[in-house]
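Labels below follow one simple rule: chain letters A, B, ... track the order of the sequence lines, proteins then strands, and each chain is numbered from 1.
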2 protein chains.
Amino acid sequence: MHDPEAALRAHQLPITAQRLAVLREVSQQPHATADVIAEGVRQKIGSITRQSVYNVLNVLTEKGLIRRIQPADSAARYEDRVGDNHHHLVCRSCGHTEDVNCAVGHAPCLKAHSHHGFKIDEAEVIYWGLCPRCQKKRSA
Amino acid sequence: MHDPEAALRAHQLPITAQRLAVLREVSQQPHATADVIAEGVRQKIGSITRQSVYNVLNVLTEKGLIRRIQPADSAARYEDRVGDNHHHLVCRSCGHTEDVNCAVGHAPCLKAHSHHGFKIDEAEVIYWGLCPRCQKKRSA
DNA sequence: ATAAACTTTTTGACAATGTCAAAAATAAAT
DNA sequence: ATTTATTTTTGACATTGTCAAAAAGTTTAT
């Protein structure tokens, strides 16, 4: 995110210290959870309430400035890589998350044959496994 | 599930009224959440505690008798269709969930090129959209 | 610059979904 | 039948997130 201030303006969102800080934090720590973001922001601007973090994350998500992902057994995570069609690799043990470029192509990358009369708008893919660190821990 | 009792025995699980009832309920109401299952069980055997429902669902999931799915913005759901490689279609509006046969083939159905040193064991796919009912509601 | 109008942030309570630990009840094995 | 092991219940608690009203801040218009 090169210019958080411009990004907010582009979406007609009033500029506040909290919004700038949250936006920067999401950018610097992709896939962080709300409370990790809160901690990061506090170290930079002194303080922010839990509720404000949620407010900001929600409004940024609605406007499409950031993206929310919610893997099983984890609080929601946020990233600022939006607009493309990538997926995620999640560690079953520690929750560590990485991006994976789409194996197929454009969104929705998997055709679901318009099953059951549903109108499908997204195919979400999560690859589950063990990250390198946790593989080592197990074998130890 | 034709014979829940045999299924429990096959997995060396002591047979209890609660386990039989939960197993039957998951079978009859695929994709139900824990509290929906609890309600269903109560109508059949009179009473069961919230904790027992969780205990039973957890042990059945660990043993592979049932499968847990956890779509975003929903409590965990359970199904007794296990061992094959199918995915899910989830309604963004009401949470209604249906099975979708895998578009590709065998599990894990998508190769993730062993990215980033992860050891991948599953590719989970969720198709997001609107179910027929909710499509109608919107246009009304 | 200033004031008015609007939005955001804070504060504090609350809801939903799960888990933990110890006591009571039940099933299985001898 | 009795013992042993497991399960169920009971009640407290943790986490993640939301709701509503008051306080503080930002933007717009004068």
Side-chain angles (χ1 to χ4, degrees), chain A residues 4-23 25-26 31-42 44-63 65-66 68-78 94-95 97, chain B residues 4-23 25-26 31-42 44-63 65-66 68-78 94-95 97:
Chain A
E5 208 164 315
L8 290 175
R9 240 190 296 272
H11 289 266
Q12 280 129 20
L13 288 172
I15 288 150
T16 69
Q18 291 88 341
R19 283 181 177 161
L20 289 174
V22 167
L23 207 35
E25 201 62 32
V26 170
H31 311 131
T33 58
D35 71 300
V36 168
I37 291 163
E39 258 321 297
V41 167
R42 280 185 199 114
K44 272 140 202 161
I45 68 167
S47 81
I48 191 173
T49 60
R50 224 164 56 89
Q51 183 64 56
S52 288
V53 174
Y54 281 110
N55 287 348
V56 172
L57 290 172
N58 284 343
V59 74
L60 295 181
T61 302
E62 280 160 28
K63 296 283 184 178
L65 262 151
I66 62 176
R68 174 190 285 129
I69 55 182
Q70 294 176 256
D73 300 316
S74 161
R77 294 166 185 273
Y78 298 85
C94 70
T97 304
Chain B
E5 210 164 313
L8 290 175
R9 241 190 297 272
H11 290 265
Q12 281 127 20
L13 288 172
I15 288 151
T16 68
Q18 290 87 342
R19 283 181 177 161
L20 289 174
V22 167
L23 206 36
E25 201 62 31
V26 171
H31 312 129
T33 58
D35 71 298
V36 167
I37 291 163
E39 260 320 299
V41 168
R42 280 185 199 114
K44 273 140 202 160
I45 68 166
S47 81
I48 192 173
T49 60
R50 224 165 57 90
Q51 184 63 57
S52 288
V53 173
Y54 281 110
N55 287 348
V56 172
L57 290 172
N58 284 342
V59 76
L60 295 180
T61 302
E62 280 160 28
K63 296 282 184 177
L65 263 151
I66 61 175
R68 173 191 285 129
I69 54 180
Q70 295 177 254
D73 299 316
S74 160
R77 294 166 185 272
Y78 297 86
C94 69
T97 304

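Contact of the B/I48 side chain with the B/V22 side chain is registered, since non-hydrogen atoms from C-beta on lie closer than 4.5 Å. Looking only at side-chain heavy atoms (C-beta outward), A/L60 and A/V26 stay at 4.5 Å or farther from each other.
Annotation: side chain to side chain donor-acceptor pair (under 3.5 Å) contacts of B/T33 (sequence neighbours excluded): B/D35. For the side chain to side chain donor-acceptor pair (under 3.5 Å) test, residues two or more places apart in sequence or in another chain that qualify with B/S74 are B/R77.
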Run the numbers on A/I69 and A/H31 for side chain to side chain contact (heavy atoms under 4.5 Å, CB included), then give the verdict.
CA-CA 8 Å; A/I69 55 182; A/H31 311 131; 4.0 Å; yes

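In this entry the distance linking CG of A/D73 with C1' of D/dT16 reads 13 Å, nearest Å. The interatomic distance linking B/L60 (CG) with D/dT7 (C1') rounds to 13 Å, in whole Å. The separation between A/L57 atom CG and C/dT9 atom C1' is 14 Å, rounded to whole Å. Here C/dT8 presents its C1' atom at 14 Å from CD of A/E62, a figure rounded to the nearest Å. Separating the CG atom of B/L8 from the P atom of D/dT7 is a distance of 11 Å, rounded to the nearest angstrom. The distance between atom CD of B/Q12 and atom P of C/dA28, rounded to the nearest whole Å, is 13 Å. Atom CG of A/N55 and atom C1' of D/dG17 are 11 Å apart (whole Å).
Listed nucleotides: C/dT9, D/dT8, D/dT9. Nearest to the side chain of A/V56: C/dT9.
Residue pairs meeting the side-chain hydrogen bond (donor to acceptor under 3.5 Å, both in side chains) criterion with at least one partner in residues 6-15 of chain B, sequence neighbours excluded, are B/E5-B/R9.
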Review item, side-chain donor-acceptor pairs of residues 51-59 of chain A, under 3.5 Å, at least two apart:
unit_1, atom_1, unit_2, atom_2, d
A/Q51, NE2, A/N55, OD1, 3.0
A/S52, OG, A/T49, OG1, 3.0
A/N58, OD1, A/R68, NH2, 2.5
A/N58, ND2, A/Y54, O, 3.3

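For the OP1/OP2 pair of C/dT10 and a distance below 4.0 Å, the side-chain nitrogens and oxygens of A/T49 include at least one atom meeting the criterion.
Residue B/V59 is classed as having no contact, given no heavy-atom separation below 4.0 Å to the nucleic acid.
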Extract from the structure each pairing of a protein N or O with an N or O of nucleotides 17-25 of chain C at less than 3.5 Å, listing the distance.
unit_1, atom_1, unit_2, atom_2, d
C/dG18, OP1, B/A76, N, 2.8
C/dG18, OP2, B/Y54, OH, 3.1
C/dG18, N7, B/R50, NH1, 3.2
C/dG18, N7, B/R50, NH2, 3.2
C/dG18, O6, B/R50, NH2, 2.9
C/dT19, OP2, B/N58, ND2, 3.4
C/dT19, O4, B/Q51, OE1, 3.4
C/dC20, N4, B/Q51, OE1, 2.3

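The minimum heavy-atom distance between A/A7 and A/L65, with the atom names listed, is CB-CD2, 3.6 Å. B/I45 and B/A21 get closest at one heavy-atom pair: CG2-CB, 3.9 Å.
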Summarise how protein sits on nucleotides 24-30 of chain D as a single string, 5' to 3': B when a protein heavy atom is under 4.0 Å from the base, S for sugar-phosphate-only contact, - for no contact.
--SS---

